[in-house]
Amino acid sequence: MTPEPVTQGDLPPPILGWSQSAIIGATSAEVSRALTGLRGNLIRLGLPEDALIRLELVLAEIMNNIVEHAYAGADSGDMTLEASVHGRAIWCHLRDKGRAMPGGKLPCPRRYDLDAMRMDDLPEGGFGWGLIHDLTQGLSYRRFAEENHVRFRIDLDS
């Protein structure tokens, strides 16, 4: 039995009481526009710059993965981003109806020993999920009712 996704009622009580929900087309241009709009809204709340940078990096990685992998080969698709500020954190929930994650779980972060490897031997890509794991708290993935659900938070105090 698959557990149901967390609902808004499961979130801690709001401190700033801000939330936003947007449906974003699964294209690089739409992702870029959505990130710019979200950043502008969060700047107006006076949130710390380092938290906004972490959030933007994480969302760009996840959303572009949705475009490039979940909807690869599809004529169209979209994703829903719900973001809110509660309990000294920015909480995010991304949903899409693209392909499920391989193996039904988040990719493990790849780690490389930079002291033991030559720079020419490092792969060109594959660092995204390591960044996502390192920059978030409470990162989770579930496939529920033919939808992918990725949730995480960015703590404002770290």
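No hydrogens, no waters, no symmetry mates; every other heavy atom, side chains included, goes into these values.
At least one donor-acceptor pair under 3.5 Å links the side chain of N148 to the backbone N or O of R99. In this structure, the side chain of R54 engages the main chain of D155 through a donor-acceptor pair within 3.5 Å. Panel note: side chain R151, backbone G138; no donor-acceptor pair is recorded below 3.5 Å.
With sequence neighbours excluded, no residue forms a side-chain hydrogen bond (donor to acceptor under 3.5 Å, both in side chains) with E68.
Smallest separation of non-hydrogen atoms from I132 and T136: O-OG1, 2.8 Å. Contact record, L45 with W18: CD1-CG, 3.5 Å, taken as the closest heavy-atom pair. Considering every non-hydrogen atom in both A26 and Y71, the closest pair reads CB-CD1, 3.5 Å. The nearest pair of heavy atoms linking P107 to M101 is CD-SD, 3.9 Å. R153 and A89 get closest at one heavy-atom pair: CD-CB, 3.9 Å.
Separating the CD atom in E61 from the CD atom in E56 is a distance of 12.0 Å, to the nearest 0.5 Å. From Q20, atom CD reaches atom CG of N41 across 4.5 Å, with rounding to the nearest 0.5 Å. Distance check: L55 CG to I90 CD1 gives 5.0 Å after rounding to the nearest 0.5 Å. Between the OG1 atom in T27 and the CG atom in N64 there is a gap of 9.5 Å [rounded to 0.5 Å].
Hydrophobic clustering keeps I23 apart from I66 (ILVMFWY residues linked when any side-chain heavy atoms are closer than 4.5 Å, directly or through intermediates).
Two residues are said to be in side-chain contact when any heavy atoms from C-beta on lie closer than 4.5 Å; I62 and W129 meet this criterion. Side-chain atoms of F152 and L135, non-hydrogen and from C-beta on, never get closer than 4.5 Å to each other. In this structure, L81 and I24 have side chains that are in contact, with non-hydrogen atoms separated by less than 4.5 Å. In this structure, M63 and V67 have side chains that are not in contact, with every pair of non-hydrogen atoms separated by 4.5 Å or more.
For I53, the CD1 atom counts as densely surrounded, since its 6.0 Å shell holds more than 12 non-hydrogen atoms of other residues, nucleotides or ligands. Within a 6.0 Å sphere centred on CD of E49, other residues, nucleotides and ligands contribute more than 12 heavy atoms.
In this model, no donor atom of one side chain and acceptor atom of the other lie less than 3.5 Å apart for R95 and H149.
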Show which side-chain atoms of residues 31-38 pair as donor or acceptor with protein atoms under 3.5 Å away, not counting sequence neighbours.
residue	atom	partner	partner atom	Å
R33	NE	E30	OE2	3.4
R33	NH2	E30	OE2	2.5
T36	OG1	S32	O	3.0

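Screening S21, C92, S19 for a side-chain contact (heavy atoms from CB on, under 4.5 Å) involving E82 leaves a single residue, S21.
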